[in-house]
Each structure stands twice: as structure tokens, then as C-alpha cells.
Asks: 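Could you have a look at this structure, given as C-alpha cells, before my questions?
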Amino acid sequence: MIQAIVIDDEPLARAIVLEYLQKYPNIQVIAECADGFEGVKKIEELKPDLVFLDIQMPKISGFEMLELLDHRPAVIFATAFDEYAIKAFDNHAIDYLLKPFSQERFEQAMQKWQTNYQGKNIKNEGVENFLAQSGFMASAQNRIVVKVRDKIKIIPTADLLFIEASGDFVKIHTSEGVFLKSKTMAYFESSLDSSLFVRIHRSYILHITELTRLELYEKDSYLAVLKNSQKIPVSKAGYSKLKHILGI
Amino acid sequence: LKPIVKEKGFWVASIAVMLAIILIHYNILSYFGLLTFHSHVVSNLYGIALMSFAVLIANNLYYYRPRKMSYTFLLIWCVFFAIIATFLVDYVVGKIFATDSQLIHTLAIIQFFKLGFSFIILFSVTLTCLLWYTYADVHEENERRNQMLVLNKEAELSKLRQQLQPHFLFNSLNSINALVGTKPAEARRMIQQLSDFLRFTVRREDNQLISLAEELQHLNLYLEIEKVRFGNRLSSEFDCTPDSQNLKIPALLLQPVLENAIKFGLYDTTDAVNILLRSSVVNAELVVEIQNPYDPDTLSSSTGAGFGLKAIGKRLQLLYNRYDLLHTELNQNTFITKITIPQTQ
């Protein structure tokens, strides 16, 4: 039995997916969720194989919800976004349904999913790649969504101090504390506003409004002193980037 | 529009004409039996002087062009410069080559013929330039008109796109799609509502004044459709004083405000959303207040409060030339949009 979850804030939009799914007796819908918060909870708890996901939802978008997951199910997006906005999907092994969609189009998406994933115990690379490459979600929203134990927290990018690499995670430093997120430094470097956030070191991205001064540390290397007097290292390459942005 | 003297073709033509003038002048002098170094100098001086004046006139035409049919001034220019070109050169040559009596004699004979010739050359150049400028003007005007047409069309298209609100439309169609299978009667009702809503949107001309009561009917239709989409999460309340309902309001002004409130309420919170619309008459002006719940922690910049309201503020400002008509405030967990509509007449 394949287990699926349907996530959409509109009850009728969930209903149509359920109706179309009646043709698939081997798929069992184990939960319906009306927003991303509930979605994260149910996916982590029930670990479904397949998720039908709306994009524009209350509080956090479908993309942001996916970022928070440890368990990675296969995803079929269902959205009323116009085709142009959703072109980003075309290069990825994810299918999307444009609302309203027909039973035939739905079956095509199911076919694609079955050939791509079903029975193969592979990690859902499609979703992984998609999330890694599409920086437009975070940057467009000017916020970062993180999970703190069971709670979901939305951090405005304006509140960031700096971002630090830490193994498979990054540490997001804010005045309220440090949050972990399983993303790469490259992801943040490309998705954050490059006029405000500078990769000053292999392991550090600095929010330049937090910088008060630079201290010479050794020959060719500096320390950035933040407003809260924290000090973080600046590499030689990072120093020249900083100089360029600050115009010195 | 650029000056004709910046055209390469102008200079090629000018130099060709100048060489022709020099040649003609030289040939005329040789007809009178003058084949000396002096006649070369005189011909060159005359050609250069005449064409310099022609270029001067052409250049001035860029800055000053007479209105249609008032060319007297141009004629005076041409006569003036023709006199100068002819007599000045003759005078200077007379001074330099004072001993060459044959040359001076010949120049005196052809002086009046030269005057006419100079005038014809200058006048032709002037006319050519005028034609060129007129043609360039027409061309530029056409270009501008085309550009304006394109801009107008784009504005119209974006207006249409906004009116039709694709996101709302496609989601509504999706709801209808779901209802068709399970509750066909409700599907039919929603198709009817959606059609009425769209008809109202398409039929209204911008800035047409309608009564608030009429606009409220339209808003109700919109809310009914949204309630089908969002089920129990969305509820609404109207609290409008009877006298306010008769006042006038530009058509389709409130709908985007309401849409903004619903979006903001529904996408920034996960709880039930109640939209409250109040209207009253204050100082003989219509005041409409729309309230929606709000979660200060969510912070969505693209779907957020102020975003959808910018266009509305702009529209009010264009309509009434006042900046104080749109007012928003955050009240703990409530976002309030207040709009004042002045009543003309």
C-alpha cells in the first residue's frame, strides 16, 4: 500500500485530488492538511511516500514547508500559479498540476511519478535538487523558515547577524539566538540579497549592516567586529569582496 | 531630432556642391580669358565662402524653423548672405590682387550674375534642409504615436489582467471542478456567481461612480465565492449605516481592498478569518473601514498588508488629488484599512 498526504488550504482542492485518487486502489490517503505547519507535522509523523502539495498556503508556502522536512517524500505540486511562474519546475523530476486539472492530466502526473520513484528506494533527488537550486523562495520572501524542536519559526532576513557553516547544517545567528537549518552555504549565498549579505569566509556569510569595524588579525587576514562585539574571521578573498561592497 | 549638420550625407553633398561652384566660377573666368593663379584663388575663396554660409544657414535651421508659410525671414537671410558672399570675396580679392586689373574688371562684369547665383544656391540649400527637417519631424511624430499606441495597449492589457485576477479565477474553477462530481447543484450556483462577478468587473468602466450599495452587492458576490473556496475558515460582517449606502464610490475600488484583506487574513494566519466592513458618513464624506486579523510573526512581504494597497492609494490620489484618503493601522492582531471617499457635487 502506498501512503499519500494531500496538503492544500482549500477543502475543495483537496476533494478533487481525493476524487481522482479513487482510481488508484493501491494508494491510501492517510492525512489531509490545510497548511504547511500541519503538513510538516504529519509528514514527519506518518512518513508518506507521496505528497500532493499546494504552493500558496497560509503562513508558509509549499516550498518553505519542503525545506523543513527531514523525511523526503515524492511531491506532486498542484497550483493555480500561471505557467510562466512555474517554469522553474521544468528541469526537475517533479511534476506539477495547474489548477483546474483534468483526470487525464492527473493520471499523467501519477504515471510520471510511478516510473520515476515507485519501487525504487532512491532518495528523492528531484526534490533535493529543486530545493537546492531554486533560491527564489527564500529571497523573494525575505525570510527564512526554521524548525525549533516542534515549533516553526519565521526569521526575517533583516534580523540575521551572520550565517555559519557547521557540518551538514548552517547555523543562523540572530539576536534571538542560533538556529540550525540543513542547507548549504552556497544556497544562502545565492538566495540572499547580495548587496546585504557577503560571503566573507568559506564558513561565514555576514549581514553587512551588522558590521562595525575590521581588525587586522594576521598578515592578510582580518576579523569582522559586529555590533554585539562578536568577532568572525574574514578571509583574503572575503576582505576584497567586503572592500568592494563597502566602497573602500 | 538631430541637426542636419550631423548627417554624413549632408557634408558629402555640400562638398560636392562647393567643388561644382568652384569649377563653374573658374570656367566662367577662363571664358573671359583668365587662366591665372589668381583666378584659382578667387574661385576657391568664393566657393568656400558661399558654402560656409549655406552650412551656417542649415545649422541655424535646427534651432529656428519658421512656422508654415512665413518664409520671408528665410528669404532675407538668403539675400543677405548672398550679398556678403559675393561682395565680400570681391572686395577682399580687390585688395589682395589690386594690381591685376583684368581680374578686377572681369569680377565687376559678372558681379550681378554671381549675386543671383549665390542667392539661388543658398535658397536651394535652405529649402532642402527645410524639407529634410519636416520629413524628420513627421517621422519622429509617427514613431512617438506608435510608441504611445504600444504603451496604451500594454496598460489596457495589464488592467484586464488585474481585473480578471488569474489566481482567484483558476482557484475558483478548481473548486467548481471538485463540486461538479459531488455537489452539482452547488457547482451550478458557483458558476452563476462567478459569471455575475466577472460580468460586473468587465462591464464597469474605470472611475465610473456607483452607489456604495451597488458596490457592496458586488463585494458580497466576491465573498460568497471565496467562502466556497475556503469553507468555514472565512466569514464576513457588513456594518453599514443606511445614509452611507447612498453615497457614491468609484466602481471596483473596494474589491481589491477586500481581496487584500482576505489574502492577508487567510495567508498570514491559520485560524478562522472574519472580515469586517464598516461604512459611515463623516463630514459629508464616505468612510469605509475594512478589518482583517493579522499575525505579527508571519511577515510575508509579498502577500503582506501594504503590498496590495499601493495601487489603491495611487488610484485615490489620481482621482481626487489628495494624499490623505488611504489610511492603515495595526491594532494588536487586527489590520485596519480606512478609505475616505470625497463626494463631489
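Numbered from 1 within each chain, the chains take letters A, B, ... in sequence-line order.
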Asks: At their closest point, which heavy atom of Arg229(B) faces which heavy atom of Pro11(A), and how far apart are they?
Replies: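 That would be O-CD, 3.2 Å.
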Asks: For Val228(B), is it the side chain, the backbone, both or neither that has a heavy atom under 4.5 Å from a heavy atom of chain A?
Replies: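 Both parts, heavy atoms under 4.5 Å.
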Asks: With side chain to side chain contact (heavy atoms under 4.5 Å, CB included) as the test, would you mind laying out the steps for Asn174(B) and Phe101(A) before giving the verdict?
Replies: CA-CA 7 Å; Asn174(B) 195 47; Phe101(A) 45 87; 4.3 Å; yes
Asks: Can you measure from CE (Met57(A)) to CG (Leu266(B)) and round to the nearest 0.5 angstrom?
Replies: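 So the CE of Met57(A) and the CG of Leu266(B) are separated by 13.5 Å.
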Asks: Just wondering, are more than 12 heavy atoms of other shown residues or ligands nearer than 6.0 Å to NE2 in His71(A)?
Replies: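 More than 12 heavy atoms, drawn from other residues, nucleotides or ligands, come within 6.0 Å of this atom.
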Asks: Just wondering, more than 12 heavy atoms not from Lys41(A) lying within 6.0 Å of its NZ?
Replies: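 Count not over threshold, so no.
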Asks: Check the surroundings of atom NZ in Lys338(B): do more than 12 heavy atoms from other residues, nucleotides or ligands lie under 6.0 Å from it?
Replies: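 No.
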Asks: Counting only heavy atoms not in Gln332(B), do more than 12 sit closer than 6.0 Å to its CD atom?
Replies: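 No, not enclosed.
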Asks: Heavy-atom count around Lys227(A) NZ within 6.0 Å, excluding the residue itself: above 12?
Replies: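 Counting other residues, nucleotides and ligands, NZ of Lys227(A) exceeds 12 neighbours.
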Asks: Using a 4.5 Å cut-off on heavy atoms from C-beta on, say whether the side chain of Leu98(A) contacts that of Phe170(B).
Replies: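 No - every pair of side-chain heavy atoms lies 4.5 Å or more apart.
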Asks: Can you establish whether the number of heavy atoms outside Asn228(A) located under 6.0 Å from its atom CG is more than 12?
Replies: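 It does: Asn228(A) CG has more than 12 such atoms within range.
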Asks: Quick one: pull up CG in Asn171(B) and CG in Leu12(A) and give me the separation to the nearest 0.5 Å.
Replies: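 Reported value, rounded in 0.5 Å steps: 11.0 Å.
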Asks: Which region of Leu173(B), side chain (C-beta onward) or backbone (N, CA, C, O), has a non-hydrogen atom less than 4.5 Å from a non-hydrogen atom of chain A, or is it both or neither?
Replies: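 Its backbone and side chain both get close to chain A.
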Asks: Does anything in residues 186-194 of chain B get under 4.5 Å of chain A by heavy atoms, and if so which residues?
Replies: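 Hits under 4.5 Å: none found.
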Asks: Against chain B, label Glu10(A) side chain, backbone, both or neither, depending on which of its atoms sit under 4.5 Å from a heavy atom there.
Replies: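 For Glu10(A), the contact with chain B is made by backbone and side chain together.
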Asks: Heavy atoms, side chains only, cut-off 4.5 Å: are Arg233(B) and Pro58(A) in contact?
Replies: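 A side-chain contact exists here, since the closest heavy-atom pair is under 4.5 Å.
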Asks: Could you measure the distance from the NZ atom of Lys99(A) to the OG atom of Ser175(B)? Nearest 0.5 Å is fine.
Replies: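 OG of Ser175(B) is found 8.0 Å from NZ of Lys99(A).
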Asks: Could you tell me whether Lys42(A) atom NZ has more than 12 heavy atoms of other residues or ligands within 6.0 Å of it?
Replies: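 Not buried by this count: 12 neighbours or fewer within 6.0 Å.
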